[in-house]
Amino acid sequence: MTTTITKEQASGINRREFMGLAVASAVTLAVGELALPHEAFAALSKSPVPSALPPLPWANNALEPTITANTLNFHYGKHHAGYLTNLNNLLNDANSSVAKKLKGKTLEEIIIATFNKKDATSIAIYRNSAQVYNHAFYWNSLSPTGGGSAKGDIATLINSSFTDFATFRSKLIDASVAQFGTGWAWVVVDKKKKLQIISTGDADTPITTSGVTPLLTIDVWEHAYYLDYQNLRKTHVTNVIDKLLNWDFANKNLLSI
Ligand code: FE2
């Protein structure tokens, strides 16, 4: 049986819907204030897909003024939550043979299993599962006490991989700005413990790339910054790097390689 994939399922939330939300009246959304530490992120990615998102690791106004509560209410409460709803709807389709094969798999396993598949159901599941993963990774890449110069093991690797922090910072800004359209900028580490800065388009995620482990990410989809910065992506990513990047999360991810 052929499964019909709606546009919203395939893309999570479309631009028209986003812009409609952007002009809507105030959103009242209960965003969790409980911490989502590295262990909780690992539990999300290594467990079967949950029915509800884990709470954000901080209060929804904790990243202001760099990222406002207004942006987070849409980004987490509408976009991220929408990807999860779409994913669960796809996985719970009793008529889908693809969904049947994915039953009980973890979020990471689902992403890997559907990567580069050509059928519409697998493509939709891949896009939505990767976006669930990428956004959870992104929230953990940010901290109200983050930013500034790197610290710990990640600082050592930055110096050995990029000469100095200023060069690393400049390259991360450039990668974020140069990603055409929607996507993500990532700091990853390879098996030789050399850091790389890469970007991925749309929902793509480095966990499908053998030999690299993601350490930090920055969402450069317009929905991540347009309410606060309009078209000024460079200003946004520069502020995120300087004020929010969570070096503790990067250092915990380094422990897993
Ligand atoms: Fe996003």
Side-chain angles (χ1 to χ4, degrees), residues 7-22 24 27 29 31-32 36 41 44-45 49 52-58 60-64 66-88 107 111 124-143 146 172 175-187 198-208 214 216-241 244-246 249:
K7 186 177 180 182
E8 286 71 23
Q9 284 177 323
S11 63
I13 190 168
N14 63 34
R15 179 179 171 79
R16 180 179 295 174
E17 187 174 1
F18 168 61
M19 296 312 291
L21 288 169
V27 175
L29 179 76
V31 178
L36 178 61
F41 172 74
L44 170 69
S45 57
V49 176
L53 288 178
L56 288 168
W58 13 254
N60 66 343
N61 62 355
L63 305 186
E64 292 187 342
T66 305
I67 300 174
T68 63
N70 190 34
T71 286
L72 282 170
N73 284 342
F74 284 102
H75 199 175
Y76 171 78
K78 299 295 182 183
H79 294 268
H80 195 188
Y83 296 126
L84 182 63
T85 298
N86 291 339
L87 177 59
N88 276 310
L107 182 61
I111 294 168
I125 290 175
Y126 168 75
R127 287 173 176 167
N128 284 284
S129 58
Q131 285 294 76
V132 170
Y133 177 96
N134 289 349
H135 281 88
F137 201 93
Y138 174 56
W139 308 135
N140 280 271
S141 296
L142 309 176
S143 168
L172 185 53
S176 300
V177 172
Q179 171 57 37
F180 185 75
T182 59
W184 303 81
W186 300 84
V187 180
I198 64 171
S199 61
T200 59
D202 300 332
D204 284 341
T205 174
I207 68 169
T208 58
L216 293 167
T217 193
I218 301 174
D219 188 342
V220 297
W221 285 59
E222 283 188 349
H223 65 222
Y225 60 89
Y226 217 83
L227 292 177
D228 295 334
Y229 295 83
Q230 289 74 55
N231 61 318
L232 302 179
R233 184 192 288 187
K234 184 174 184 178
T235 304
H236 169 68
V237 299
T238 301
N239 285 343
V240 166
I241 293 167
L244 298 180
L245 269 194
N246 187 349
F249 183 59

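Counting convention: from 1, in listed order, for ligands and their atoms alike.
Atoms of the protein (N, O or S only) found under 2.8 Å from the Fe ion (ligand 1) are His75 NE2, His135 NE2, Asp219 OD2, His223 NE2.
Side-chain atoms of His79 and Trp221 form no donor-acceptor pair, as typed in the model, at a separation below 3.5 Å.
In this structure, the side-chain contact (heavy atoms from CB on, under 4.5 Å) partners of Thr208, at least two apart in sequence or on a different chain, are Ile111, Ile112, Phe115, Tyr126, Thr205. Taking the side-chain contact (heavy atoms from CB on, under 4.5 Å) definition, one finds that Ser199 meets it with Gln179, sequence neighbours left out. Under the rule for a side-chain contact (heavy atoms from CB on, under 4.5 Å), the partners of Ala69 that lie at least two apart in sequence or sit in another chain are Asn60, Asn61, Glu64.
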Item to check | Leu227/Thr68 under side chain to side chain contact (heavy atoms under 4.5 Å, CB included): CA gap, chis, key distance, verdict | outcome: CA-CA 9 Å; Leu227 292 177; Thr68 63; 5.6 Å; no
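Formation of a donor-acceptor pair under 3.5 Å by the Asn134 side chain with backbone atoms of Ala203 is found in this model.
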